[in-house]
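These values consider heavy atoms only, across backbone and side chains, with no hydrogens, waters or symmetry-generated copies. Throughout, a chain's letter reflects where its sequence line sits, starting with A, and its residues are numbered from 1.
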Amino acid sequence: MNTPAILPPGSPKRPARERIVPLEFEPLDQYLQRRKKLNEIESLGHAAYPAKYDWTHTPKQIGEQFGQRRAEQLSAERVEVRVAGRIVALRPHGKAAFAHLTGDGVRLQIYVKLDVVGEAAYKLFQLLDLGDIIGVSGHLFRTKTNELTVWVEKLTLLNKALLPLPEKWHGLADVEMRYRRRYLDLIVTERAREIFLRRAQIIRELRRFFDERGYVEVETPMMHPILGGATARPFVTRHNTFDMDLYLRIAPELYLKRLVVGGLDRVYEINRNFRNEGIDAIHQPEFTMLEFYQAYSDAGALMDLTETLFRELVTTVCGTAAITYGEATLDFSRFTRLSMREAICKYWPAATGPAPSTAEIVARGGPRRAAERYNEFARAQGTDLAGEFGSPSDGELVGELFELIAEKHLVQPTFIYDFPIEISPLAKRRADEPSLADRFELFIAGMEIANGFSELNDPADQERRFREQVEKGGQESPKEVDIDYIRALSHGLPPTAGEGIGIDRLVMLLTNSHAIREVILFPLLRAGTAEAADTDSSEANGSDDTAPGQRSK
RNA sequence: AGGGGCGUAGCUCAGUGGUAGAGCAGCGGCCUUUUAAGCCGAAGGUCGUGGGUCCGAUCCCCACCGCCCCUACCA
């Protein structure tokens, strides 16, 4: 793209009607052609960018209200409508033409006839292109092929599109372009539109679910002075006035629990988290998380609630409790529950010999022995080993074995519970089994979807675990203990259960999408500008008026 | 980060060691019930970027850029 021609400061105000066009876009020939048509349209006396159009129906409403009317009824009733939309198909036939407008994602055919609209309007119509936005008024009728159509009597230009739409049959196939120019994707790819409408519906239903159960929706800081609430590498930013570094939050957890201390016994937040880590089919650096907390509750109650939530949500949004996801049919009418140890035993690879019993895994040194047996097999397979790095504790080994052996098999909705305490720094210890946290995760289609636990509310235990994290060091650990959080706990956090649900992954499941980018409107891509997909972006600036010395930044 | 794949007209894609093609879009013409409208005509390209091999590279080799997939990282 050509760089903008900069108006020197202090230059006289430009005349109101003069249109400065500093930017030009590919395809240049078509862009210039359309600008030429725009000029012609204006010189014919039409406003190019009128402020308003008084419509009576959207294309969708016309379909809903008159879609059932037969041809004879329509000609008898002579329903007058004014409707606006974008031209997405154009079939001129000399002195008459068909076109399709879209609005609300619905296509509506219009019929424009020279005899009917008159010379002037037909002249305007001939200067229109695919992508232009118009308003038409007239009555409804059915064509020979029985399609509900507007018999156009008046035509109004609402916006001349200066750039063409993508190819009408194949649409946008270049995924990079689809993400960088999502506006085009949404016009052209019906499925993309449906995904984001459904995403909105899912979030609406989630809010409804929690609202009607008395949870309060809150917003907590996105910028945190101390890292916390999860283990992840953060983005760092800077506040100038306070001269301080801040982290974009990796989780809202510690703030939400402060609110429970403050007497908001049931709270939830739906908002973004930011994690400075890898990008792949199920990870994006900013992603949306639902977190909710309820006082006087525990992890077991949360599992029940979660099951209800998912079953209701899926049924409402998809119309059935059994949905298709890729090759699988996911049945949300019943959830499996397995302890982490049971899951390891259940999916223990047969080639490794008989699976250990859960008792063996629980025994002191048991995870180490199981890992050694597993690793023999993994070495032969050339796959990853358990406990390969550092000197993991028994609990950490159980977590690794679970991920290596069981996680990918958890296709149907499955709760995994009894997490080792070592990998659960914010969860409450189980009274009867101190090596375990009262924690669960929900797995669906091999993805971790939710994570919930009984919250650690013993300030001394929490302080000890925070100090261990700080001592451990590394980019993922906080540099200092969050003293104020310990202070809040010292004022008393009631027995509380809390859970996080990854909204993006949930939307993936309910839209049968297999990449998180498909369910995020503007996923992060390198370079980050829509221009990067263009062939020439930096050079070819024909009018280089700016002397080098004048450039300032 | 490692491995694999891709990058050709505005879009969707063919193709070849001898400087390139189709459909759609755009342009000119014809066409008053079409729906991927049709017919006729003309135009459109630094074959991602930069090096190398070769008489000659869009094609072969190397590097870089971007995207995709797999693996790794990632509570």
- A:Phe453 near the nucleic acid: base, sugar-phosphate alone, or nothing, with a heavy-atom cut-off under 4.0 Å? nothing
Suppose you measure atom C1' in B:rG21 against the same atom in B:rG38; what distance do you get, rounded to whole Å?
23 Å
*Under 4.0 angstrom, heavy atoms only, what part of the nucleic acid is A:Ala173 near: base, sugar-phosphate, or nothing?*
sugar-phosphate
For A:Thr220, the side chain to side chain contact (heavy atoms under 4.5 Å, CB included) test, sequence neighbours excluded, returns A:Val218, A:Arg249, A:Pro252, A:Tyr255, A:Leu256, A:Leu259, A:Glu269
With a non-hydrogen cut-off below 4.0 angstrom, is A:Glu448 in contact with a base, only sugar-phosphate, or nothing?
sugar-phosphate
Contacts of A:Asp482 meeting salt bridge (Lys or Arg N to Asp or Glu O under 4.0 Å) (sequence neighbours excluded), chain-then-number -> A:Arg258
Sequence neighbours excluded, the answer for side chain to side chain contact (heavy atoms under 4.5 Å, CB included) partners of A:Ala328 is A:Leu330, A:Val411
For nucleotides 4-8 of chain B, list the nitrogen or oxygen atoms of the protein found under 3.5 Å from its nitrogen or oxygen atoms, one pair per line.
none

Q. Do A:Tyr247 and A:His224 make the cut of ring centroids closer than 6.0 angstrom?
A. no
Base orientation of B:rU19, chi within 90° of 0 counted as syn, else anti, reads syn
When rounded to whole Å, the CD1 to C1' distance for the pair A:Ile279 and B:rA72 reads 15 Å
A:Arg180 CZ to B:rC11 P, in whole Å, measures 14 Å
**Message:** Determine whether A:Phe415 and A:Leu338 satisfy the following criterion, side-chain contact (heavy atoms from CB on, under 4.5 Å), listing intermediate values before the conclusion.
**Reply:** CA-CA 6 Å; A:Phe415 287 113; A:Leu338 289 174; over 6 Å; no
Ring centres of A:Phe141 and A:Phe66 under 6.0 Å apart?
no
Going through the distances and angles, do A:Tyr183 and A:Phe522 end up as a ring pair (Phe, Tyr, Trp, His ring centres under 6.0 Å)? CA-CA 10 Å; A:Tyr183 41 89; A:Phe522 298 100; 7.8 Å; no
Readout for nucleotides 21-30 of chain B: B = base within 4.0 Å of protein heavy atom, S = sugar-phosphate only, - = neither; 5' to 3' it is --BBBSS---
Sequence neighbours excluded, the answer for salt bridge (Lys or Arg N to Asp or Glu O under 4.0 Å) partners of A:Glu403 is none
Check: protein-nucleotides 69-71 of chain B nitrogen or oxygen pairs below 3.5 Å:
unit_1, atom_1, unit_2, atom_2, d
B:rC69, OP1, A:Arg517, NH2, 2.9

* Asked: What interatomic distance, in whole Å, is found between P of B:rG56 and the corresponding atom of B:rG18?
  -> 14 Å
Would you indicate what A:Gly171 reaches in the nucleic acid, counting non-hydrogen atoms under 4.0 angstrom: base, sugar-phosphate, or nothing? sugar-phosphate
Residue set satisfying side chain to side chain contact (heavy atoms under 4.5 Å, CB included) with A:Ala121, at least two apart, ordered chain then number -> A:Val117
Heavy-atom distance under 4.5 Å between the side chains of A:Phe235 and A:Pro285, does that happen here? yes
Query raised in the report: Per the atom types in the model, does the base of B:rU34 pair as donor or acceptor with the side chain of A:Gln109 at under 3.5 Å?
Result: yes
In whole angstroms, the gap separating C1' of B:rA72 from CG of A:Leu385 amounts to 13 Å
Separation of B:rC11 atom P from A:Asp185 atom CG, nearest Å, is 15 Å
Identify all side-chain donor-acceptor contacts of residues 102-116 of chain A below 3.5 Å with residues at least two apart in sequence or on another chain.
unit_1, atom_1, unit_2, atom_2, d
A:Arg107, NH2, A:His100, ND1, 3.4
A:Gln109, OE1, A:Arg91, NH2, 2.7
A:Gln109, NE2, A:Thr149, OG1, 3.0

The side chain to side chain contact (heavy atoms under 4.5 Å, CB included) partners of A:Pro420 (sequence neighbours excluded) come to A:Met340, A:Val398, A:Glu422, A:Ile423
So the side chain to side chain donor-acceptor pair (under 3.5 Å) pairs with at least one residue in residues 439-456 of chain A (sequence neighbours excluded) are A:Lys257-A:Glu455, A:Ser424-A:Arg439, A:Asp438-A:Ser454, A:Arg439-A:Glu441, A:Arg439-A:Asn451
With both pairing distances under 3.5 angstrom for Watson-Crick or G-U wobble, and | for a partner in another strand, the correct string for RNA chain B is (((((((..((((....[..))))..((((.......))))......(((((..]....))))))))))))....
